[in-house]
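Have a look at the structure below, then the notes.
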Amino acid sequence: MILVTGATGNVGSAVLEQLVEAGQKVRALVRDPAKLGELGRKVEVVKGDLAKPETLDAAFAGVDKAFLLFTGDDLAKLAANAAEAAKKAGVTHIVMLSSSTVVQAPEMQIGRWHVEAEAKIKASGLAWTILQPGAFASNTLNWAGSIKSRGAVFQPTGDGKAAPIDPRDIAAVAVKVLISPGHEGKSYMLTGPEALSAAEQVAKISAAIGKPVAFVDVTEDAAREGMVKAGLPELFIRAILEAHAMVKAGLGAHITNTVEELLGQKARTFDDWLKSHGKAFQ
Ligand SMILES: NC(=O)c1ccc[n+]([C@@H]2O[C@H](COP(=O)([O-])OP(=O)(O)OC[C@H]3O[C@@H](n4cnc5c(N)ncnc54)[C@H](OP(=O)(O)O)[C@@H]3O)[C@@H](O)[C@H]2O)c1
């Protein structure tokens with residue numbers, strides 16, 4: 001039995017889907033089973049919350065392997081709770097979704113969160129594999145609102161490039177390392193196949209929807225104001241601005257070949273991702 005967390009999100013939902021396609025016995029740990037929709041009918045579903053240790057024993061009972069991801073402002077706490085429950089249940093292998101910031105910018109808030117969470121998983125004594133992706137292609141869904149309402153994207157990243165990775169590729173790597181041997185004790189930095197600036201991604205979205213979309217390179221202060229208006233907590237605003245500054249400085253442009261090496265096929269491009277998500281911007 002393989003346990004999947006984050007199953008209502010970008011990567012976890014794809015992990016769940018691909019494990020089902022691969023004929024694996026799968027259980028989803030979710031806070032709200034109703035959010036799983038159709039997918040919930042194809043797998044075992046257990047209600048649980050990584051922030052509430054008392055809900056985890058039932059979720060981990062009988063589990064051999066687990067795909068774990070942690071979000072929010074205390075990743076280490078969630079990771080410690082999951083590690084504890086996994087250990088109690090006799091889980092043999094944990095595959096954790098982390099972040100490339102652990103390697104590229106461990107001093108940044110996002111990097112620190114993931115460094116601390118990785119440490120909890122490694123300290124569990126269980127076999128682990130860590131996936132460290134860079135920026136997700138799905139982050140551009142955050143632009144959908146301003147593209148629809150103002151025909152523009154506002155972001156303080158200048159000409160800085162990122163190498164957006166399709167969450168389906170992260171999921172495919174997760175499935176590969178979950179169901180084939182030899183990945184224990186390894187960390188894999190994962191990126192998309194091409195480095196693109198925000199303006200280049202916006203141009204691709206514009207072409208996909210057949211409407212003009214402008215990219216506006218705003219100041220950090222303007223970006224902060226927008227996030228404050230949107231009600232984001234200060235800690236997240238600072239973390240996001242740090243990530244934007246990292247991209248602007250050129251650190252997001254690094255490309256690895258790891259997806260292709262592990263899967264034996266080319267990583268999906270941003271255009272590939274757009275083919276199945278373009279509607280979100282219309
Ligand atoms: N976006 C990027 O560019 C990027 C890059 C590198 C690494 N990452 C990392 O990738 C992870 C996010 O992956 P994602 O985009 O697939 O996630 P996502 O779409 O943001 O979804 C988060 C998932 O986690 C679940 N969740 C949140 N808190 C939980 C809790 N206390 N207990 C159980 N489940 C909980 C959510 O469930 P609900 O439906 O109940 O909310 C949801 O299924 C984060 O660790 C992030 O730092 C992201």
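Note that the coordinates shown come from a computational prediction; the quantities given were computed from them, not determined experimentally. Both counts, for ligands and for their atoms, begin at 1 and track the order of listing.
For Glu225, the side chain to side chain contact (heavy atoms under 4.5 Å, CB included) criterion is met by Lys229, not counting sequence neighbours. Glu118 is linked by a salt bridge (charged side-chain N to carboxylate O under 4.0 Å, His left out) to Lys122, counting only residues two or more places apart in sequence or in another chain.
Checking His254 against Thr191 by side-chain atom types alone, no donor-acceptor pair falls below 3.5 Å.
The two residues Ile2 and Gln24 come nearest to each other via the heavy atoms CD1-OE1, 3.8 Å.
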Review item, side-chain donor-acceptor pairs of residues 29-38, under 3.5 Å, at least two apart:
unit_1: Asp32; atom_1: OD1; unit_2: Ala34; atom_2: N; d: 3.1
unit_1: Glu38; atom_1: OE2; unit_2: Arg41; atom_2: NE; d: 3.3
unit_1: Glu38; atom_1: OE2; unit_2: Arg41; atom_2: NH2; d: 2.6

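Protein residues with a heavy atom closer than 4.0 Å to ligand 1 are Gly6, Ala7, Thr8, Gly9, Asn10, Val11, Leu29, Arg31, Lys35, Asp49, Leu50, Ala51, Leu69, Phe70, Thr71, Leu97, Ser98, Ser99, His114, Pro133, Gly134, Ala135, Phe136, Asn139, listed by chain and number.
Partner of Ser99 under the side chain to side chain contact (heavy atoms under 4.5 Å, CB included) criterion, out of Val103, Thr101, Leu97: Thr101 alone.
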